[in-house]
Amino acid sequence: PPCTLRPVGDWTVKCSTALSGDTRLDNNVLSRGFLTRSEWVQMKSMPEAPSHKKVKDGAWLTYDAASGLIYAGKGYKTPDFYSYNIAEAQWTLLRFIPPGFEAKPPRRGACGVADGSRYIYMVKGNNTLGFWRYDIVTDSWLQLASIPAGAHRKMRSGGAAYVQTGDSAFVYLLKGPTCEFYRYNVATWMWETMEPAPSGYHRKWYNGSFIVYDGDHTIYAHKSKYHELWAYDV
């Protein structure tokens, strides 16, 4: 039957036939190889409602393995928050992102990461220290401990990554535009100060910088404007 082969690479297809009393079996199976490759496919765009604004600064996506859904914040000083069902190509509006203690919506520097089981952790950005957790099961937001003030700069760029190591789980955070680097301990609900990100050619991590975890033991951080790529062993 028709199918979609998602893993990219070399495949082999076989076709066979059988006949009762066949005395020659060496010509009953035919095999051929072929190659699958990646390609871009346009999906359904994020809705403009309810804010009726376009996707802009502070927008983010994260994939949750447990639900099989993509979760998205629109940014652009809106509280709009959605999930996207890949199979059905359908967006669903979820509970608005609250203004919280910072009394601001997400904007530049906002980012979100999924833990792969139940929660989405979100940094609000927009020159705030706001840090939140979304519960997929209850469709609700909870404000967590604020990002450390550090050198008295607030979150305007950088990125976050969810890291599971053994029984411990953390949300690592690059707090741009500074070199400050933290991690949030999911078990203790507290922030921990880590070794700062490298200064490199220029000590600021401007808007467009980001980090990503490889699922093993390395976080990669890319510095925008100066195109520096760094690796951090957790």
Side-chain angles (χ1 to χ4, degrees), residues 46 50-51 53 55-67 69-84 91-164 168-178 180-194 205 207 209-211 213 219:
M46 187 183 294
S51 66
K53 287 188 174 183
V55 180
K56 205 172 178 182
D57 293 347
W60 54 268
L61 294 174
T62 187
Y63 175 76
D64 176 66
S67 63
L69 301 176
I70 295 173
Y71 288 84
K74 184 180 284 184
Y76 200 13
K77 295 194 287 187
T78 77
D80 297 4
F81 182 61
Y82 311 87
S83 66
Y84 180 73
W91 288 95
T92 300
L93 179 65
L94 302 174
R95 188 174 298 274
F96 284 150
I97 299 170
F101 300 140
E102 54 275 4
K104 286 185 176 182
R107 199 190 178 194
R108 182 177 299 170
C111 54
V113 290
D115 69 356
S117 59
R118 178 171 178 172
Y119 298 114
I120 309 292
Y121 293 88
M122 184 197 70
V123 175
K124 188 171 280 187
N126 199 4
N127 203 31
T128 76
L129 299 174
F131 182 58
W132 292 78
R133 189 185 74 183
Y134 174 77
D135 189 327
I136 295 172
V137 175
T138 61
D139 185 27
S140 62
W141 289 94
L142 175 67
Q143 184 150 24
L144 302 176
S146 296
I147 299 167
H152 305 291
R153 296 293 297 272
K154 296 181 179 179
M155 187 80 182
R156 292 191 297 177
S157 58
Y162 185 85
V163 175
Q164 181 86 35
S168 301
F170 306 92
V171 177
Y172 280 81
L173 176 70
L174 174 62
K175 182 188 169 191
T178 71
E180 295 171 34
F181 191 50
Y182 303 97
R183 70 180 185 184
Y184 179 80
N185 190 315
V186 172
T188 65
W189 298 54
M190 296 178 62
W191 287 98
E192 302 170 1
T193 302
M194 312 302 289
W205 291 74
N207 187 42
S209 300
F210 55 87
I211 66 175
Y213 178 54
I219 292 176

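Within the 3.5 Å criterion, the main-chain N or O of Trp205 finds a donor-acceptor partner in the side chain of Ser157. Here the side chain of Glu180 pairs a donor or acceptor atom with the backbone of Ala151 at under 3.5 angstrom. Side-chain N or O atoms of Lys104 include none that pairs as donor or acceptor with a backbone N or O of Gly125 at under 3.5 Å.
A distance of 9.0 Å separates SG of Cys111 from CG of Leu174, quoted to the nearest 0.5 Å. Residue Phe131 holds its CZ atom at 10.5 Å from CD of Gln143, rounded to the nearest 0.5 Å. Here the CZ atom belonging to Arg107 is positioned 15.0 Å from the CE atom belonging to Met155, to the nearest 0.5 angstrom. Between atom OH of residue Tyr82 and atom NZ of residue Lys74 there is a gap of 3.0 Å, rounded to the nearest 0.5 Å. The line from NZ of Lys53 to OG1 of Thr78 is 7.0 Å long, rounded to the nearest 0.5 Å. The distance from the CG atom of Asp64 to the CG atom of Asp115 is 7.0 Å, given to the nearest 0.5 Å.
Trp60 places a side-chain heavy atom less than 4.5 Å from the side chain of Ile120. When side chains are defined from C-beta on, Tyr134 counts as touching Leu94, because their heavy atoms get closer than 4.5 Å. Side chains of Met122 and Leu144 form no contact here, defined as non-hydrogen atoms less than 4.5 Å apart. Residues Leu142 and Asp135 are not in side-chain contact: their nearest non-hydrogen atoms beyond the backbone lie 4.5 Å or more apart. Side-chain contact between Arg95 and Phe81 is absent, with no heavy atoms from C-beta onward closer than 4.5 Å. Residues Lys124 and Ile97 meet the side-chain proximity criterion, which asks for heavy atoms closer than 4.5 Å. Put simply, the side chain of Leu173 does not reach to within 4.5 Å of the side chain of Tyr184, judged on heavy atoms. Counting heavy atoms from C-beta outward, Val113 and Tyr213 have side chains that stay 4.5 Å or more apart.
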> Is there a side chain to side chain contact (heavy atoms under 4.5 Å, CB included) between Leu61 and Tyr84 once you walk through the steps?
Replying inline: CA-CA 10 Å; Leu61 294 174; Tyr84 180 73; over 6 Å; no

### Message
Under the criterion side chain to side chain contact (heavy atoms under 4.5 Å, CB included), I'd like the reasoning laid out for Val186 against Tyr162: C-alpha separation, chi angles, the key distance, then a yes or no.
### Response
CA-CA 10 Å; Val186 172; Tyr162 185 85; 4.1 Å; yes

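Residues Arg153 and Leu129 come closest through the heavy atom pair O-CD2, 4.1 Å. Here the closest heavy-atom approach between residue Thr138 and residue Ser140 is recorded as OG1-OG, 2.6 Å. Of all heavy-atom pairs between Pro98 and Trp141, the closest is CD-CG, 3.5 Å. Residues Asn207 and Arg156 come closest through the heavy atom pair OD1-O, 3.9 Å.
Taking the six-membered ring for Trp and the full ring otherwise, Tyr172 and Phe181 have centroids separated by under 6.0 Å.
Between Thr128 and Asn126, the side chains place no donor N or O within less than 3.5 Å of an acceptor N or O (distance only, hydrogens not considered).
No more than 12 heavy atoms of other residues, nucleotides or ligands sit less than 6.0 Å from atom CZ of Phe101.
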